[in-house]
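Below you'll find the structure, written out as structure tokens, and then a few comments.
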Amino acid sequence: MKIQIINGPNLNLLGKREPGIYGSSSFDDYLPQLRQRYPDVELDYYQSNHEGCLLDKLQEVGFQEEEYAGVVLNAGAYTHTSVSLQDCIRAIRVPVVEVHISNVHQREEFRHHSYLSPACLGVICGFGLDSYRLAIEALCARKR
């Protein structure tokens, strides 16, 4: 079983960017822990600061439902602005779980609306990097 993790803009700065909100660990430091916890799941990881690249990656894996159990997507700020990402998620066959490290509902008003949520299987937010683990658990449970 495979799960594709996709991180959007500025998430390459985890560990450096606003540690009070996003923590002090980079995703590259966290990913080996996820892989160790789920040895039977191939966790592929992709990050881009460019919306079109995120769309390309979603389309690349989105029709491989025999191979991928799903996508864990943290689209960063594109969550609140991208109709293109919503359209893509609606078009692909692989389920997508929307993830946020912080609880976006405790933050600025503009972060309270997600263009992606209506197209996603579910949303997990506010549990720090552990939000990714919870999303992986949800996708694995669907395949059992």
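Both backbone and side-chain heavy atoms feed into the values below; hydrogens, waters and symmetry mates do not.
- With rounding to the nearest 0.5 angstrom, the OH atom of Tyr115 is 9.0 Å from the CD atom of Gln86.
- The backbone N or O of Gly8 sits nowhere less than 3.5 Å from a side-chain atom of Tyr78 that would complete a donor-acceptor pair.
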Worked verdict on Val123 versus Ser114 for side chain to side chain contact (heavy atoms under 4.5 Å, CB included): CA-CA 10 Å; Val123 180; Ser114 167; over 6 Å; no

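- For the residue pair Tyr68 and Asp44, the shortest heavy atom distance occurs at OH-OD2, 2.8 Å.
- Follow the hydrophobic side-chain contacts under 4.5 Å out from Val97 and you reach Ile3 in the same cluster.
- Considering all non-hydrogen atoms of both residues, Glu60 and Gln64 come closest at O-NE2, 2.7 Å.
- No single ILVMFWY cluster, assembled from side-chain heavy atoms under 4.5 Å apart, contains both Val71 and Tyr45.
- How far NZ of Lys57 is from CD of Gln47: 12.5 Å, rounded to the nearest 0.5 Å.
- Nearest heavy-atom pair, Cys88 versus Leu58, reported as atom, atom and distance to 0.1 Å: SG-CB, 3.6 Å.
- Using a 4.5 Å cut-off between side-chain heavy atoms of Ile, Leu, Val, Met, Phe, Trp and Tyr, with links allowed through other members, Leu73 and Ile124 fall into different hydrophobic clusters.
- Tyr30 places a side-chain heavy atom less than 4.5 Å from the side chain of Asp130.
- One side chain, Tyr132 or Asn74, offers a donor N or O that lies under 3.5 Å from an acceptor on the other.
- Heavy atoms only, all atoms of each residue included: Asn10 and Asn49 are closest at N-OD1, 2.8 Å.
- When atom types are taken as modelled, the side chain of Arg35 and the backbone of Leu43 share a donor-acceptor pair closer than 3.5 angstrom.
- Using a distance-only test at 3.5 Å, with no hydrogens or angles considered, no donor-acceptor pair links the side chain of Asn12 to the main chain of Ser48.
- Going from atom CD1 of Ile136 over to atom CZ of Arg37 covers 9.5 Å, rounded to the nearest 0.5 Å.
- In the hydrophobic cluster analysis, where Ile, Leu, Val, Met, Phe, Trp and Tyr join through side-chain heavy atoms closer than 4.5 angstrom, Leu31 is grouped apart from Val61.
- To the nearest 0.5 Å, the span separating CG on Asp40 from CE on Met1 amounts to 8.0 Å.
- Looking only at side-chain heavy atoms (C-beta outward), Leu34 and Ile5 come within less than 4.5 Å of each other.
- The main-chain N or O of Gly76 is found under 3.5 Å from a side-chain atom of Thr79 such that the two form a donor-acceptor pair.
- Nearest heavy atom pair, residue Val94 against residue Phe63, reads CG2-N, 4.4 Å.
- You'll find the side chain of Ser84 stays beyond 4.5 Å of the side chain of Leu54, heavy atoms only.
- Contact annotation: the side chain of Leu121 approaches that of Leu139 to within less than 4.5 Å [non-hydrogen atoms, C-beta and beyond].
- The side-chain heavy atoms of Val96 and Leu116, taken from C-beta on, include no pair separated by under 4.5 Å.
- With values rounded to the nearest 0.5 angstrom, Ser82 atom OG is found 6.0 Å from Leu55 atom CG.
- Here the shortest heavy-atom pairing between Ala75 and Pro9 reads O-CD, 3.4 Å.
- The distance from the CZ atom of Phe127 to the CD1 atom of Ile101 is 13.5 Å, given to the nearest 0.5 Å.
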